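All chains are named by letter (A, B, ...) in the order of the sequence lines, taking the proteins before the strands, and each is independently numbered beginning at 1. Computed over heavy atoms, backbone and side chain alike; hydrogens, waters and symmetry mates excluded. This is a predicted model, so every value here is computed, not measured.
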Number of protein chains: 4
Amino acid sequence: MAVSSRSGPVRSEAARQAILQAAIEMLAERGYDHLAIEGIASRAGVGKQTIYRWWKSKSAIIAEALLEGMILGERLEVPDTGDVRRDLTTWLHAVGEVLLSSQGEGLVRSLIAAATDNADVGQRLRDAIAGSGSGALSTRLAAAIGSEPHLPEGAPIDDIAEALVGALLLRALSRSPLDDHAIAALVAVAVGPPRA
Amino acid sequence: MAVSSRSGPVRSEAARQAILQAAIEMLAERGYDHLAIEGIASRAGVGKQTIYRWWKSKSAIIAEALLEGMILGERLEVPDTGDVRRDLTTWLHAVGEVLLSSQGEGLVRSLIAAATDNADVGQRLRDAIAGSGSGALSTRLAAAIGSEPHLPEGAPIDDIAEALVGALLLRALSRSPLDDHAIAALVAVAVGPPRA
Amino acid sequence: MAVSSRSGPVRSEAARQAILQAAIEMLAERGYDHLAIEGIASRAGVGKQTIYRWWKSKSAIIAEALLEGMILGERLEVPDTGDVRRDLTTWLHAVGEVLLSSQGEGLVRSLIAAATDNADVGQRLRDAIAGSGSGALSTRLAAAIGSEPHLPEGAPIDDIAEALVGALLLRALSRSPLDDHAIAALVAVAVGPPRA
Amino acid sequence: MAVSSRSGPVRSEAARQAILQAAIEMLAERGYDHLAIEGIASRAGVGKQTIYRWWKSKSAIIAEALLEGMILGERLEVPDTGDVRRDLTTWLHAVGEVLLSSQGEGLVRSLIAAATDNADVGQRLRDAIAGSGSGALSTRLAAAIGSEPHLPEGAPIDDIAEALVGALLLRALSRSPLDDHAIAALVAVAVGPPRA
DNA sequence: ACATAAACGAGACGGTACGTCTTGTCTTGCG
DNA sequence: CGCAAGACAAGACGTACCGTCTCGTTTATGT
């Protein structure tokens, strides 16, 4: 004898998808602070009220899109060849390219801007990159425990990952290129100086 | 025998100061994205055109105020007692309080938001905290070279400082509190695990 | 079986009225070129966009108010006692007072200024005064056909009316008072010299 | 032993001419209400203060240019062939062309707009057209006294001229074309119906 | 099947802020 | 001391969005 609470139509999944899709497209195109709810509604073919009914702010839309993996996708997975220095180096090169690419330039900063007024975005941004899933940075570092000077048993894996990601954000904010030298230095910070 | 390039009135220093002052006050009060140029002009008793004549955007105003030390001031200097672990711990406690305080909450995120559309702000933010002046983090770490496991001769001081600051920004974005455990972990990332 | 062309909210008649009312009040108070759209919006308790949505310029607002009879009203009707000379004289005295009165001073010139960038205003201004409704000048002259030297069968009634109104506008522009002598002369121009 | 009343340079005639010239050019190009004092100063190569020092408003500049004959020039002189009907017809055709021409379109309305906030402009506008110099309308009508039905001895010449000019202004304001029919009607108003 | 009622698209509304333009005054240094 | 140049406080311009609110239409239940 389950009772339904009300009659009438349910939330339109098509509208939800269209909104998220329009949001991430326009985020990439115009950046977070030229992203307008009216623009999203118009591009998604949706009334503004449909957005306001389900989300509190535009940052909440971004947070949801981020959670669904619609933004960063799998572009930033850390490889695992067994050699953690090589893997980190490879990954940092990939990240560096995203930071500089025409589509990524601005995207990362846009996400930071979104995080600025929505803690969820910040958390999901951190989890998505440093987090503990498969392909995530923490996981990769954990697998290397014992093999590098800075990664003894009990090393603060999560904090190392966080510091690494933080350093990348800082570079994104100051538009410093992530060149070979910087990459080597970051690897050294994370796992220790190369053996002689 | 300097020659002046033109005649006519000269930039009003009083107006410049009033604008910067009004900007940082309102930044602290209302956050970066409720900071309005009209509001700054009105609070500074200045015409809008006087702002647009000299700055390209509100983030440029913040960048200039930051450069003049009107925002972070000397609140974030790293102490130097000779014991780098103790000094970092003390400093991180101070930073943690700024991040949580009613006046600092939002201020750091506001600066990040400003950095989001102005590379200068990002650079000055980094320099102001990680930079190499007296009382700056890099300087303090350099002084400790040789005394800690992660700080041998040739350690990538600047990158360590950057990673530390980045980690703090990331915590600011995700509103993670900077508790004793996190502080200890960050110290370990920077200078290595405590000796037995 | 009329079909509506779209769904959604409908134009607010209250806002429209408030805008027209505010516009004519401020026109009388401050004159056409100190009439600001922002001022109208503010006095009408309306957003600026609500004005721009429906009118192209401030002169279009004046044109509409004029069309609705909100400005000149019935102040300028030509009387009809059967004696066209007496009627014109009476009417010109009334017009002269409007031109000189504190509320009319400026109002007529303001309407001329509005006509300056909106043909509709010019047309409605002409129609409202010279036009062919009941109480209008043309009508009164037509009724007098055959009774005066300049008004034989086939006289160019409309052009006489237009010339008369034009002469009044020219006096308004040059701030020449409309004294008894001028009135008599204008009557003579319109209907001919008095009989001996 | 003439004494000068003060030291220092004297009003620059070159600047005065440049200002008047720039003003009438821009008046023709952009219309009275897009005519900006800054624009005049800039085009004339003059400081704004030099304008404000000598004129109270932009309409005063127009008034002065009008007085000097820099605007209407001799374009509107009434011919005198001895046949007043023909002369008026010719003149009205010329006026009609000015009203419709690309350079005159707007110019007349601009002058009306200027008259709107400067009685001098109105007066000079009337005098320049209806006035009593050689080639002026009143003069031409006076010469025809006795030869036409509406022009007996003692006819109100000045008022007829004024009514005619007023009718033209009204047509300029309402953008009514001055076609052959209208011209014939105006001639009839001024001098009476054509003889059978 | 029908009534109910929520979700929808559209978009008008009162507002705030934008970045630009112009006003009239003031300031500086040249001639 | 007149002038060209131009900074200044003030404030209106017309545009872009905000978040709320009405419309009229379109579904999905519950009766």
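Residue B:Arg53 places at least one side-chain N or O under 4.0 Å from the OP1 or OP2 atom of F:dC8. Note on A:Trp54: every side-chain N or O is 4.0 Å or more away from OP1 and OP2 of E:dA6. Between E:dG9 and A:Thr50, a contact under 4.0 Å exists linking OP1 or OP2 to a side-chain N or O. Residue B:Arg6 places at least one side-chain N or O closer than 4.0 Å to OP1 or OP2 of F:dA7. Applying the 4.0 Å criterion to OP1 and OP2 of F:dA4, one finds that B:Ser7 has every side-chain N and O outside that range.
We find that CZ of B:Arg11 is positioned 7 Å from P of F:dC8, with the value rounded to whole Å. Summarising the geometry, the separation between NZ on D:Lys48 and C1' on E:dT28 is reported as 16 Å, rounded to the nearest angstrom. In this structure, B:Ile51 places its CD1 atom 9 Å from P of F:dA9, rounding to the nearest Å. Residue A:His34 contributes atom NE2, which lies 18 Å from atom P of F:dT15 at whole-angstrom precision. In this entry the distance linking CD1 of C:Ile40 with C1' of F:dG11 reads 16 Å, nearest Å. The separation between B:Gln49 atom CD and E:dA17 atom P is 19 Å, rounded to whole Å. Protein atom NZ of C:Lys56 is 12 Å distant from nucleotide atom P of F:dT15, rounded to whole Å. A:Glu38 has its CD atom 5 Å from the C1' atom of F:dC17, to the nearest Å.
Out of F:dC17, F:dT22, E:dA5, the shortest distance to the side chain of A:Arg30 is found at F:dC17. For A:Tyr52, the side-chain atoms get nearest to F:dT20 when compared with the rest of F:dT20, E:dT23, E:dT27. Proximity note for C:Ile37 (side chain, C-beta onward) versus E:dT22, F:dT15, F:dC13: the nearest is F:dC13.
C:Val108 has its side chain out of reach of C:Leu173: every pair of non-hydrogen atoms, C-beta onward, lies at least 4.5 Å apart. Counting heavy atoms from C-beta outward, B:Arg16 and B:Glu64 have side chains that approach closer than 4.5 Å. Proximity of A:Tyr32 to A:Lys58: side-chain heavy atoms (C-beta onward) are separated by under 4.5 Å at one or more points.
In summary, of the residues considered (D:Asp120, D:Ile62, D:Ile71, D:Leu111), a side-chain contact (heavy atoms from CB on, under 4.5 Å) with D:Leu125 occurs for D:Leu111 alone.
Checking D:Ala36 against A:Glu13, the closest nucleotide of DNA chain E that is more toward the 5' end is the one next to A:Glu13.
As judged by a 4.0 angstrom heavy-atom cut-off over every strand, D:Gly39 is placed among residues making no nucleic acid contact.
In the interface, the side chain of D:Ser12 is not paired with the base of F:dG2 through any donor and acceptor atom under 3.5 Å apart.
Between A:Glu25 and A:Arg30, none of the side-chain N atoms (NZ, or NE/NH1/NH2) sits under 4.0 Å from a carboxylate O, so this pair counts as no salt bridge.
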